[in-house]
Amino acid sequence: MINQKWDVILKDEMKKDYFRKLGIFVKQEYRHKTIFPAYGNIFNALRYTDYDQVKVVILGQDPYHGDGEAHGLSFSVQEGVKRPPSLQNIFKELELDLGIVRTKNDLTDWASQGVLLLNSIMTVERNKPLSHKDKGWENFTDFVIRSLNDREKPVIFVLWGSYARSKKAYITNPQHYIIESVHPSPLSAHRGFFGSKPFSKINTFLKNHQMEEIHWNDQKKDSEINERSETVLN
């Protein structure tokens, strides 16, 4: 289904009765309603960041429910779409923390570096947040979290908001690292998200464990800068 090692990890989970019922529900919803993300993008988080590649998990609740926004990665939106307020605040904290001014709203470059951008609920009906709550997705993604908890190589779990923090119950191995704060939503960001420095904390942990740090800035922008530098040097 995912064409990654996740297929092996999740093989038995996908055979369970709840997942079969979830599949029937999801297919019916896509057939009769407008559901996000696009059907082929549901498992993008797992597709872009395979089990052994995961360094960081940034956990969201459910996908954006507006037209053209969600594409299977938590907090990320497709290019050309207005930046949602929570993502805007994430980028504000990124600038406060590391001085990085990010321009791209699509976080696929983070995913390709080992940041699993996982929504606990993986589908949503248009303009109806949490419409696919308690349909089975939570069972599935809780298993994903537990599977990563079982891994020997350390994982950093980023839990923003009370919902994400409720998943701490599944993160029991002491080699893992939890970063938590209030949600980056405008309703709560000023109560502890701003100034929490999650990005520098992540990279410090990775560096201390001899793992490659995450490049949080725009990869395309980096390549353009390198090209300009090479032109000058030549």
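Since this is a predicted model, take the numbers as computed values, not measurements.
Cation-pi geometry between Lys135 and Phe25 is met: under 6.0 angstrom from the ring centre, within 45 degrees of the axis.
A salt bridge links Arg102 with Asp218: the closest approach of a Lys/Arg side-chain nitrogen to an acidic carboxylate oxygen falls below 4.0 angstrom. Residues Glu95 and Lys92 are not paired through a salt bridge, judged by the lack of any N-O separation under 4.0 Å between the basic side chain and the carboxylate. Salt-bridge check for Asp17 with Lys21: passed, with a basic side-chain N closer than 4.0 Å to an acidic carboxylate O.
Applying the side-chain contact (heavy atoms from CB on, under 4.5 Å) criterion to Ser166, with sequence neighbours excluded, gives no partner residue. Under the ring pair (Phe, Tyr, Trp, His ring centres under 6.0 Å) criterion, Phe193 pairs with Trp160, sequence neighbours left out. The ring pair (Phe, Tyr, Trp, His ring centres under 6.0 Å) check on Tyr30 picks up Tyr39, with sequence neighbours excluded.
Ring planes of Trp110 and Phe91: perpendicular class, angle over 60° (limits at 30 and 60°). Ring orientation note: the planes of Trp216 and Phe199 are nearly perpendicular, at an angle over 60° on the 30°/60° scale.
What you find for Ser181 and Gly192 is that their closest heavy atoms are CB-O, 4.0 Å. Heavy atoms only, all atoms of each residue included: Pro63 and Pro37 are closest at CG-CD, 4.1 Å. The two atoms that bring Val57 and Val155 nearest to each other are CG2-CG1, 3.9 Å, heavy atoms only.
For the pair Arg151 (side chain) and Val54 (backbone), a donor-acceptor distance under 3.5 Å is present. A donor-acceptor pair is defined here as one N or O able to donate and one able to accept, closer than 3.5 Å; no such pair exists between the side chain of Ser131 and the backbone of Val124. A donor-acceptor pair under 3.5 Å links the side-chain atoms of Asp50 to the main chain of Lys5, judged by distance alone. Checking side-chain atoms of Asp62 against main-chain N and O of Thr123 turns up no donor-acceptor pair under 3.5 Å. Distance alone, capped at 3.5 Å, is enough to place a donor-acceptor pair between the Glu138 side chain and the Asp134 backbone. Between the Glu93 side chain and the Pro198 main chain, no donor and acceptor come within less than 3.5 Å of each other. In terms of modelled atom types and a separation under 3.5 Å, the side chain of Glu180 and the main chain of Arg165 share no donor-acceptor contact. Checked by atom type and distance alone, the side chain of Tyr18 pairs as donor or acceptor with a backbone atom of Phe140 at under 3.5 Å. Between the side chain of Ser188 and the backbone N or O of His183 there is at least one donor-acceptor pair closer than 3.5 Å. Gln210 places a side-chain N or O within 3.5 Å of a backbone atom of Asn208 that can act as its donor or acceptor partner.
Considering only heavy atoms from C-beta on, Lys104 comes within 4.5 Å of Glu79 through its side chain. The shortest distance between side-chain heavy atoms of Val115 and Thr49 does not fall below 4.5 Å. Side-chain contact between Leu116 and Val56 is absent, with no heavy atoms from C-beta onward closer than 4.5 Å.
The only member of Ile179, Leu206, Val158 that meets side-chain contact (heavy atoms from CB on, under 4.5 Å) when paired with Lys201 is Ile179.
Taking CG from Asn149 and NZ from Lys167, the interatomic distance works out to 13.5 Å, rounded to the nearest 0.5 Å.
Taking the six-membered ring for Trp and the full ring otherwise, Phe36 and Tyr64 have centroids separated by 6.0 Å or more. The distance between the ring centers of Phe157 and His176 falls below 6.0 angstrom. Ring to ring, His71 and Phe43 are not that close: their centroids are 6.0 angstrom or more apart.
The number of heavy atoms from other shown groups lying within 6.0 Å of CD (Glu212) does not exceed 12.
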Practice prompt. Please step through side chain to side chain donor-acceptor pair (under 3.5 Å) for the pair Asn119 and Ser74, ending with a clear verdict.
Written response: CA-CA 5 Å; Asn119 279 315; Ser74 63; 4.7 Å; no
